Amino acid sequence: MTIPRFVRLYPPATPPDGLAYWLLFRGAELLMPADGPPALLEGSASAPAAVGADESFLLGALDGRALLVGVLPEDAPIPEDLRALGLRAVLAQADAELGVLAGYAAELLHWSRTSRFCPACAGPLSPLDGWGRSCQACGHSLYPPVSPAAIVLIHDGGDRVLLASKPGWGKRYSLVAGFVEPGETLEECVAREVREEVGVEVTEIGYVGSQPWPFPHQLMVGFTARYAGGEIAIDARELADAAWFARDALPELPPPFSIARQIIEMWRGGSQ
């Protein structure tokens, strides 16, 4: 049996005394070592090394050591041995484990910042079990949201793939994607989003994998699907272009850490 390095912990758990790992946020950025690739900071369970956080919370335990999230003022000075990186830059440069931890922390931090008042009556929220919160005035309770979205690679059964580009992306193309609607399966979402965004029909919808996407709280669920008919007709409110590309002549693609790129690379390599 493989024991996971990281174990999630939930309020009201408290960190043990001693050395701890830290993820420090300064506004929307993370503080990382100035030299080398992104890495967790080390310090005591009460304070990260060389930096004082205004607020903090326990994320879990990594190799038995507490992993905490600290929040600094946006105008806090950056120590000389650290640098500030946006979350996308951390995901692009860090290893997979750190990327997952940073994304998880960012989602909980977003939740903390945006769930202070009840959406039903506007009363203040109090801690519930785990990460949940409840309203003492009306009894409404809520938990950190996860918004599922389907993302799909459309192929023609041969060496062509249909990719789309959004306004502002320049020459970059990616997969068709969209949020799952109430009362809809993931497969129904795939077919609907493809039809609405690029105007074609698909069949042979197959699951590939999933990826948390902390911008701010999506779960991207990846699929492949085979083209079944129709001419490309883009939804100009969503897309700037969509076109067929040959396997050996693909355009600029999404970054490697994204599930979109991973699915494209699997298809390009012939495993999908």
Side-chain angles (χ1 to χ4, degrees), residues 6-15 20-32 38-41 43 45-62 66-79 82-94 97-149 179-180 211-220 257-258:
F6 176 69
V7 177
R8 296 180 182 223
L9 297 174
Y10 305 91
T14 56
Y21 294 112
W22 283 84
L23 283 164
L24 279 181
F25 284 83
R26 178 179 178 267
E29 297 178 315
L30 285 128
L31 298 187
M32 293 283 155
L40 294 169
L41 304 180
S46 59
V51 181
D54 282 348
E55 60 176 300
S56 63
F57 59 85
L58 177 65
L59 196 68
L62 182 65
L67 173 57
L68 296 110
V69 178
V71 182
L72 306 176
E74 291 192 28
D75 59 353
I78 301 174
L82 300 178
R83 57 177 170 152
L85 290 176
L87 181 56
R88 290 181 186 272
V90 172
L91 295 180
Q93 299 176 33
E97 180 180 64
L98 178 55
V100 169
L101 296 176
Y104 180 34
E107 290 195 44
L108 289 178
L109 185 55
H110 177 79
W111 161 249
S112 175
R113 290 169 172 170
T114 58
S115 59
R116 297 174 181 175
F117 298 96
C118 176
C121 75
L125 294 174
S126 301
L128 193 57
D129 58 298
W131 299 111
R133 296 190 175 183
S134 65
C135 178
Q136 299 303 308
C138 72
H140 183 74
S141 61
L142 60 163
Y143 293 83
V146 176
S147 302
F179 288 104
V180 180
Q211 179 184 50
W213 193 246
F215 300 104
H217 44 63
Q218 283 83 266
L219 175 66
M220 305 301 294
F257 64 83
S258 67

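None of these values were measured; they are calculated from a predicted model. Only this structure's heavy atoms are used, side chains among them; waters, hydrogens and symmetry mates stay out.
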Quick check: closest heavy atoms across [X] and [Y], and the distance to 0.1 Å?
| X | Y | answer |
| --- | --- | --- |
| L58 | W131 | O-CH2, 3.4 Å |
| E107 | P216 | CG-O, 3.2 Å |
| A66 | P15 | CB-CB, 3.9 Å |
| A20 | L68 | CB-CD1, 3.6 Å |
| C121 | C135 | SG-SG, 3.5 Å |
| S147 | F179 | CB-CE2, 3.9 Å |

Check whether any side-chain heavy atom of [X] lies under 4.5 Å from a side-chain heavy atom of [Y], and answer yes or no.
| X | Y | value |
| --- | --- | --- |
| C118 | P124 | no |
| F6 | L67 | yes |
| E97 | L62 | yes |
| L101 | Y21 | no |
| L142 | L125 | yes |

(message) Walk me through whether L59 and Y104 qualify under side chain to side chain contact (heavy atoms under 4.5 Å, CB included).
(response) CA-CA 8 Å; L59 196 68; Y104 180 34; 3.6 Å; yes
Is it true that a side-chain atom of [X] and a backbone atom of [Y] form a donor plus acceptor pair closer than 3.5 Å?
| X | Y | value |
| --- | --- | --- |
| R26 | A76 | yes |
| R133 | S115 | yes |
| W111 | A106 | no |

(message) Could you go through L31 and L23, starting from their C-alpha distance and side-chain angles, then the distance that decides it, and tell me whether this counts as side chain to side chain contact (heavy atoms under 4.5 Å, CB included)?
(response) CA-CA 7 Å; L31 298 187; L23 283 164; over 6 Å; no
Interatomic distance, [X] atom [atom1] to [Y] atom [atom2] [nearest 0.5 angstrom]:
| X | Y | atom1 | atom2 | result |
| --- | --- | --- | --- | --- |
| E55 | L72 | CD | CG | 9.5 Å |
| L219 | Q211 | CG | CD | 9.0 Å |
| L98 | Q93 | CG | CD | 10.5 Å |
| S258 | M220 | OG | CE | 9.0 Å |

(request) Find out whether the Lys NZ or Arg CZ of R88 is both under 6.0 angstrom from the six-membered ring centre of F257 and within 45° of the ring's axis. (result) no
(message) One pair to check against side chain to side chain contact (heavy atoms under 4.5 Å, CB included): L24 and V71. What are the steps and the verdict?
(response) CA-CA 6 Å; L24 279 181; V71 182; over 6 Å; no
(request) For the residue pair H110 and H217, categorise the inter-ring angle as parallel (less than 30°), tilted (30 to 60°) or perpendicular (more than 60°). (result)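 Answer is tilted, since the angle falls between 30° and 60°.
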(request) Give the C-alpha distance, both sets of side-chain angles, the deciding distance and a yes or no for side chain to side chain contact (heavy atoms under 4.5 Å, CB included) between V69 and F25. (result) CA-CA 8 Å; V69 178; F25 284 83; 3.8 Å; yes
